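Structure record follows, encoded as structure tokens.
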Amino acid sequence: NWVRLRVATKLVRYTFVHGALQARTTTTTTVVGGDTVATRISPPRWIALRRVDVRPGSRLQLAFTETLTYSNRGIDPVYPLRFAEYDTNDKDDPIWYGDVVWRPVNRLEVYGTLGIDDLYSLKDLVRPTGDRSNNDLTSKLLYQGGLRYAFPMGTDIAADYVRVDPYFYTHKFVLNSYQQDGLPIASDVGPSGD
């Protein structure tokens with residue numbers, strides 16, 4: 001189950017998605033009523049996403065995306081996702097992404113993404129894993145960049161680099177990790193991978 005809202009103008013696009021994630025059934029419980037029934041339950045899990053995409057011209061595109069996973073409660077009201085985490089005492093898992101796409105000349109596209117999970121200091125953006133301000137792998141980053149060239153005959157050639165810090169898509173509460181039915185729904189690059 002999910003809902004999506006999208007508002008688009010020539011300059012700005014806003015997208016909001018809220019959906020249910022399936023968790024593995026965890027326990028067998030007895031529902032007592034007129035007839036006693038044994039059943040298995042699956043805890044409620046949710047993912048929310050907001051994206052603001054700004055296109056000041058045909059050659060430049062900037063975007064900010066905020067995602068949040070949460071579980072074991074009903075749907076939260078719609079307000080900035082980072083504030084939702086503060087309101088629940090760090091029980092949720094928000095991640096921020098900044099994207100840029102630049103087309104300096106025809107047929108050439110340069111792009112990049114910075115993913116941020118629990119950043120404690122701006123200096124941590126340039127510090128290696130393990131040397132960040134909190135030193136416990138809580139500050140996790142994702143770097144992705146590349147370029148693509150489109151030949152006139154319809155063939156593209158591309159080079160891409162991705163670096164994902166260990167445990168980027170995980171959370172201290174397993175139900176809030178970025179997964180569906182126990183399988184990751186995020187980057188295919190493994191922990192501490194390039």
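As the structure is a prediction and not an experimental result, all values here were calculated from the model.
- Aromatic rings from Trp46 and His18 are positioned such that their centres are separated by under 6.0 Å.
- Sorted by first and then second residue, the salt bridge (Lys or Arg N to Asp or Glu O under 4.0 Å) pairs involving residues 3-21 (not counting sequence neighbours) form an empty list.
- Thr65 places a side-chain heavy atom less than 4.5 Å from the side chain of Asp99.
- A continuous path of hydrophobic side-chain contacts links Val54 to Tyr14 [ILVMFWY only; heavy atoms under 4.5 Å].
- Taking the charged nitrogens against the carboxylate oxygens, Arg148 and Asp160 have no contact shorter than 4.0 Å, which rules out a salt bridge.
- Annotation: salt bridge (Lys or Arg N to Asp or Glu O under 4.0 Å) contacts of Arg59 (sequence neighbours excluded): none.
- Residues satisfying the salt bridge (Lys or Arg N to Asp or Glu O under 4.0 Å) criterion with Arg103, sequence neighbours excluded, are Glu109.
- Shown here are the side chain to side chain contact (heavy atoms under 4.5 Å, CB included) partners of Phe64, two or more places apart in sequence or in another chain: Glu66, Trp96.
- Residues Ile116 and Tyr143 are members of one and the same hydrophobic cluster, defined by side-chain heavy-atom contacts under 4.5 angstrom among Ile, Leu, Val, Met, Phe, Trp and Tyr.
- Once rounded to the nearest 0.5 Å, the distance linking CG of Leu5 with CZ of Arg50 reads 10.0 Å.
- Under a hydrophobic-cluster definition in which Ile, Leu, Val, Met, Phe, Trp and Tyr are linked whenever side-chain heavy atoms come within less than 4.5 Å, directly or via other members, Val105 and Ile157 are assigned to the same cluster.
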- Does the pair Val110 and Val101 meet the rule for a side chain to side chain contact (heavy atoms under 4.5 Å, CB included), with working shown? CA-CA 6 Å; Val110 181; Val101 177; over 6 Å; no
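- Here the side chains of Tyr169 and Lys140 are not in contact, with every heavy-atom distance at 4.5 Å or above.
- Shown here are the side chain to side chain contact (heavy atoms under 4.5 Å, CB included) partners of Ser71, two or more places apart in sequence or in another chain: Arg45, Leu175, Asn176.
- Take Thr9 and apply the side chain to side chain contact (heavy atoms under 4.5 Å, CB included) test, not counting sequence neighbours, and it matches Leu11, Val12.
- The aromatic ring centroids of Tyr149 and Phe151 lie less than 6.0 Å from each other.
- Each of Leu49, Asp117, Thr67 was scored for a side chain to side chain contact (heavy atoms under 4.5 Å, CB included) with Tyr97, with one residue passing: Thr67.
- At least one side-chain heavy atom of Thr113 sits less than 4.5 Å from a side-chain heavy atom of Leu142.
- With rounding to the nearest 0.5 angstrom, the CG atom of Leu108 is 8.0 Å from the CH2 atom of Trp102.
- When side chains are defined from C-beta on, Tyr111 counts as touching Gln144, because their heavy atoms get closer than 4.5 Å.
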